[in-house]
Participant: 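Submitted below is the structure of interest, expressed as structure tokens.
Everything numeric in this text was worked out from a predicted model, so none of it was measured.
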Amino acid sequence: WEQHVNDFLPLPEDANYQAAYDLNNFLLDSILPTMKEGGYPAHLRQWVHGDYVERLLGINSYKYFHRAQILDRYNIDDKTYYTVETFLADDEESEDGDDEGFLEIEHEYILFQVPRDAFAFDDAPYSRDHQQTWAFRHAISIPDDMFPEGW
């Protein structure tokens, strides 16, 4: 095992992997890339907090977070701010009652002077590192004598 750890080289797909919890918990002071700079990989979804939407737009936001993408970044008095496109939407259930239905965009807004702490990230479904093809796995061996003979 020690040799495996010492000799391990990440696969190319792993090189750019960044988990949402790292961005939310450990990288709170990080500079966020804009869409012109390449944005974030497809496995990350970016959100802006509903309180900032209410404050900056002066409208009542009924959701805790709204999908967003960063358009620009700039500094004012040594503090970094972002220009953000956000999408206020209604989640609707599909005909079969599945809440994974669809997202109907009602309005798109541009927000200015959005601070870093207004952003949150989450992982797209089935995109966490342990669910990737490059994740390290080994066979789980279960001795046959642990199972009843009827199986």
Participant: Decide whether Ile70 and Tyr81 are clustered together by the hydrophobic rule: side chain heavy atoms of Ile, Leu, Val, Met, Phe, Trp, Tyr closer than 4.5 Å, transitively.
Facilitator: no
Participant: Any chance you could measure Arg55, atom CZ, to Gln113, atom CD, to the nearest 0.5 Å?
Facilitator: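 Going from the CZ atom of Arg55 to the CD atom of Gln113 covers 11.5 Å.
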Participant: Using the test side-chain contact (heavy atoms from CB on, under 4.5 Å), find all partners of Phe112 that sit at least two apart in sequence or belong to another chain.
Facilitator: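 Once residues adjacent in sequence are excluded, the partners of Phe112 under the side-chain contact (heavy atoms from CB on, under 4.5 Å) criterion are Tyr74, Thr83, Ile110.
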Participant: Do Arg45 and Arg67 touch side chain to side chain, with heavy atoms closer than 4.5 Å?
Facilitator: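 The answer is yes; the side chains approach within 4.5 Å.
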Participant: Please output the side-chain donor-acceptor pairs of residues 31-38 that fall under 3.5 Å, not counting sequence neighbours, one pair per line with the distance.
Facilitator:
{"from": "Thr34", "atom 1": "OG1", "to": "Lys36", "atom 2": "N", "distance (Å)": "3.4"}
{"from": "Thr34", "atom 1": "OG1", "to": "Glu37", "atom 2": "N", "distance (Å)": "3.3"}
{"from": "Glu37", "atom 1": "OE1", "to": "Thr34", "atom 2": "N", "distance (Å)": "3.0"}
{"from": "Glu37", "atom 1": "OE1", "to": "Arg73", "atom 2": "NH1", "distance (Å)": "3.1"}
{"from": "Glu37", "atom 1": "OE1", "to": "Arg73", "atom 2": "NH2", "distance (Å)": "3.3"}
{"from": "Glu37", "atom 1": "OE2", "to": "Arg73", "atom 2": "NH2", "distance (Å)": "2.6"}

Participant: Rounded to the nearest 0.5 Å, how far apart are CG of Asp122 and CH2 of Trp47?
Facilitator: 6.0 Å
Participant: Would Tyr64 and Asp51 count as having a side-chain donor-acceptor pair, cut-off 3.5 Å?
Facilitator: no
Participant: Could you pull out all residues at least two apart from Asn75 that satisfy side-chain hydrogen bond (donor to acceptor under 3.5 Å, both in side chains)?
Facilitator: Thr80
Participant: Considering residues at least two apart in sequence or located in another chain, which fulfil the salt bridge (charged side-chain N to carboxylate O under 4.0 Å, His left out) criterion with Asp123?
Facilitator: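 Applying salt bridge (charged side-chain N to carboxylate O under 4.0 Å, His left out) to Asp123 gives Arg128.
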Participant: Let me check something: do Leu71 and Tyr82 share a hydrophobic cluster, defined by ILVMFWY side-chain heavy atoms less than 4.5 Å apart, either directly or through other members?
Facilitator: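 Shared cluster, no.
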Participant: If you round to the nearest 0.5 Å, how far is CD of Glu85 from CD of Glu108?
Facilitator: 5.0 Å
Participant: Could you tell me whether Phe87 and His66 have their ring centroids closer than 6.0 angstrom?
Facilitator: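 Ring centroids of Phe87 and His66 are no less than 6.0 Å from each other.
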Participant: Is there a side-chain contact between Ile142 and Phe147 in this structure, where contact means two heavy atoms from C-beta onward sitting under 4.5 Å apart?
Facilitator: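 Counting from C-beta outward, Ile142 and Phe147 do come under 4.5 Å.
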Participant: Of all residues at least two apart in sequence or in a different chain, which pass the side-chain hydrogen bond (donor to acceptor under 3.5 Å, both in side chains) check with Asp145?
Facilitator: none
Participant: Going by the rule side-chain hydrogen bond (donor to acceptor under 3.5 Å, both in side chains), which residues pair with Glu2 if we only count those two or more places apart in sequence or in a different chain?
Facilitator: none
Participant: Report the C-alpha separation of Tyr109 and Val53 in whole Å, then their side-chain angles, then the decisive distance to 0.1 Å, and conclude whether the side chain to side chain contact (heavy atoms under 4.5 Å, CB included) test is met.
Facilitator: CA-CA 9 Å; Tyr109 292 98; Val53 172; 6.0 Å; no
Participant: Can you hop from Leu44 to Val114 via hydrophobic side chains spaced under 4.5 Å?
Facilitator: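 Linked, Leu44 and Val114 end up in one cluster.
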Participant: Could you report the tightest heavy-atom contact between Tyr52 and Pro115, atom names first, then the distance?
Facilitator: CE2-CG, 3.5 Å
